[in-house]
Amino acid sequence: MTIKLEQVIEAIEMSDDFFTSFWDTKTGETVYPADPLLNGETDEVLAAEIENDPKRFLRFPTKYEIHEYRIMEDFIEQLSPGKVQSDLSYSIRGKGAFRRFKESIRYHGLEQQWYDCLEKAYRDIAVRWCTEEGLAYSE
């Protein structure tokens, strides 16, 4: 079965501490098991299917496999040495790094450049995931 790369990228973009999404190889759909910590609900049928047929459900990359902090570091390293690079490097140190980084890229007019970089990184992660899972993908 072939998966659309956009479907993988969308799952990567939605990845966070609370969401684990899977690709159902039988239906081709992205499924999201309910998280009882979020809303007190569980989807026991889906949870049982995932547990009983793990080859059917492929887990999309999680937040911890995406490493957005590393993507920010790579983005900063691509910039020309100087004040902007220095400011952004400083912005990602310590607590509140993501917020400060976004404020800094906005201040320096680099938002579009950052989002282009992030989009490319997500696409690379999606392609790597498909390759690792032995899946064909379409653009």
Side-chain angles (χ1 to χ4, degrees):
M1 185 179 266
T2 301
I3 188 169
K4 291 185 178 176
L5 201 55
E6 186 58 40
Q7 186 176 2
V8 181
I9 293 169
E10 186 176 295
I12 289 169
E13 290 173 340
M14 292 183 65
S15 178
D16 65 19
D17 290 333
F18 305 104
F19 253 166
T20 300
S21 57
F22 295 82
W23 186 57
D24 184 340
T25 61
K26 184 176 180 182
T27 66
E29 296 177 349
T30 300
V31 295
Y32 306 91
D35 187 335
L37 296 175
L38 283 179
N39 57 13
E41 298 176 15
T42 60
D43 184 340
E44 293 178 18
V45 173
L46 179 58
E49 286 179 337
I50 291 171
E51 186 174 324
N52 295 329
D53 195 357
K55 291 184 181 185
R56 174 180 167 185
F57 297 93
L58 303 178
R59 185 181 49 75
F60 284 113
T62 66
K63 170 186 171 180
Y64 302 103
E65 295 163 316
I66 295 166
H67 303 289
E68 191 168 339
Y69 186 85
R70 182 66 194 146
I71 297 170
M72 291 188 312
E73 288 178 321
D74 291 343
F75 174 75
I76 293 168
E77 288 173 13
Q78 295 171 10
L79 298 173
S80 300
K83 181 171 176 21
V84 174
Q85 187 186 53
S86 178
D87 286 353
L88 289 174
S89 291
Y90 181 77
S91 75
I92 64 171
R93 303 292 179 239
K95 189 175 180 179
F98 290 93
R99 177 187 49 79
R100 281 192 313 276
F101 176 78
K102 289 182 180 182
E103 289 171 355
S104 292
I105 61 169
R106 194 171 301 121
Y107 176 80
H108 290 290
L110 297 172
E111 282 180 292
Q112 188 58 53
Q113 193 174 339
W114 160 246
Y115 288 116
D116 291 345
C117 175
L118 188 58
E119 182 180 320
K120 182 187 178 314
Y122 285 169
R123 185 184 185 289
D124 292 346
I125 293 167
V127 168
R128 185 172 55 245
W129 180 82
C130 289
T131 301
E132 289 170 358
E133 295 294 340
L135 297 173
Y137 60 89
S138 62
E139 295 289 335

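The figures here come from the full heavy-atom set of this structure, side chains too, leaving out hydrogens, waters and symmetry mates. If you're wondering where the values come from, they're calculated on a predicted model, not measured in any experiment.
- Applying the salt bridge (Lys or Arg N to Asp or Glu O under 4.0 Å) rule to pairs touching residues 130-139 yields R123-E139, sequence neighbours excluded.
- Side-chain heavy atoms closer than 4.5 Å link hydrophobic residues (I, L, V, M, F, W, Y) into clusters, and following such links, possibly through other members, connects V127 to L135.
- Atoms OG and CD, from S15 and E10 in turn, are 12.5 Å apart once rounded to the nearest 0.5 Å.
- At a cut-off of 3.5 Å, with distance as the only test, a side-chain donor of T30 or Q7 sits close to an acceptor on the other residue.
- Sequence neighbours left out, the pairs with a member in residues 118-139 that pass ring-ring contact (aromatic ring centres under 6.0 Å, His included) are F60-W129.
- By the criterion of side-chain heavy atoms lying less than 4.5 angstrom apart, applied directly or through intervening Ile, Leu, Val, Met, Phe, Trp or Tyr residues, F101 is not grouped with Y90; the two fall into different hydrophobic clusters.
- Connection of I66 to Y115 is established within a shared hydrophobic cluster, with ILVMFWY side chains joined at heavy-atom distances below 4.5 Å, either directly or through further cluster members.
- With sequence neighbours excluded, the residues that form a ring-ring contact (aromatic ring centres under 6.0 Å, His included) with F75 are W114.
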Item to check | Working for salt bridge (Lys or Arg N to Asp or Glu O under 4.0 Å), residues R100 and E103 | outcome: CA-CA 5 Å; R100 281 192 313 276; E103 289 171 355; over 6 Å; no
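- Atom CD of Q85 sits about 10.5 Å away from atom CD of Q78, to the nearest 0.5 Å.
- Within the 4.5 Å cutoff, side-chain heavy atoms of R59 are placed close to those of E65.
- Inter-residue side-chain proximity for L58 and I3 is flagged as unmet; no heavy-atom pair is nearer than 4.5 Å.
- I76 contributes atom CD1, which lies 10.0 Å from atom SG of C117 (distance to the nearest 0.5 angstrom).
- Interatomic distance, CG of D124 versus CD of E119, reported as 10.5 Å (0.5 Å rounding).
- Side-chain atoms of Q112 and D116 form a donor-acceptor pair, as typed in the model, at a separation below 3.5 Å.
- Once rounded to the nearest 0.5 Å, the distance linking CG of L118 with NZ of K120 reads 12.0 Å.
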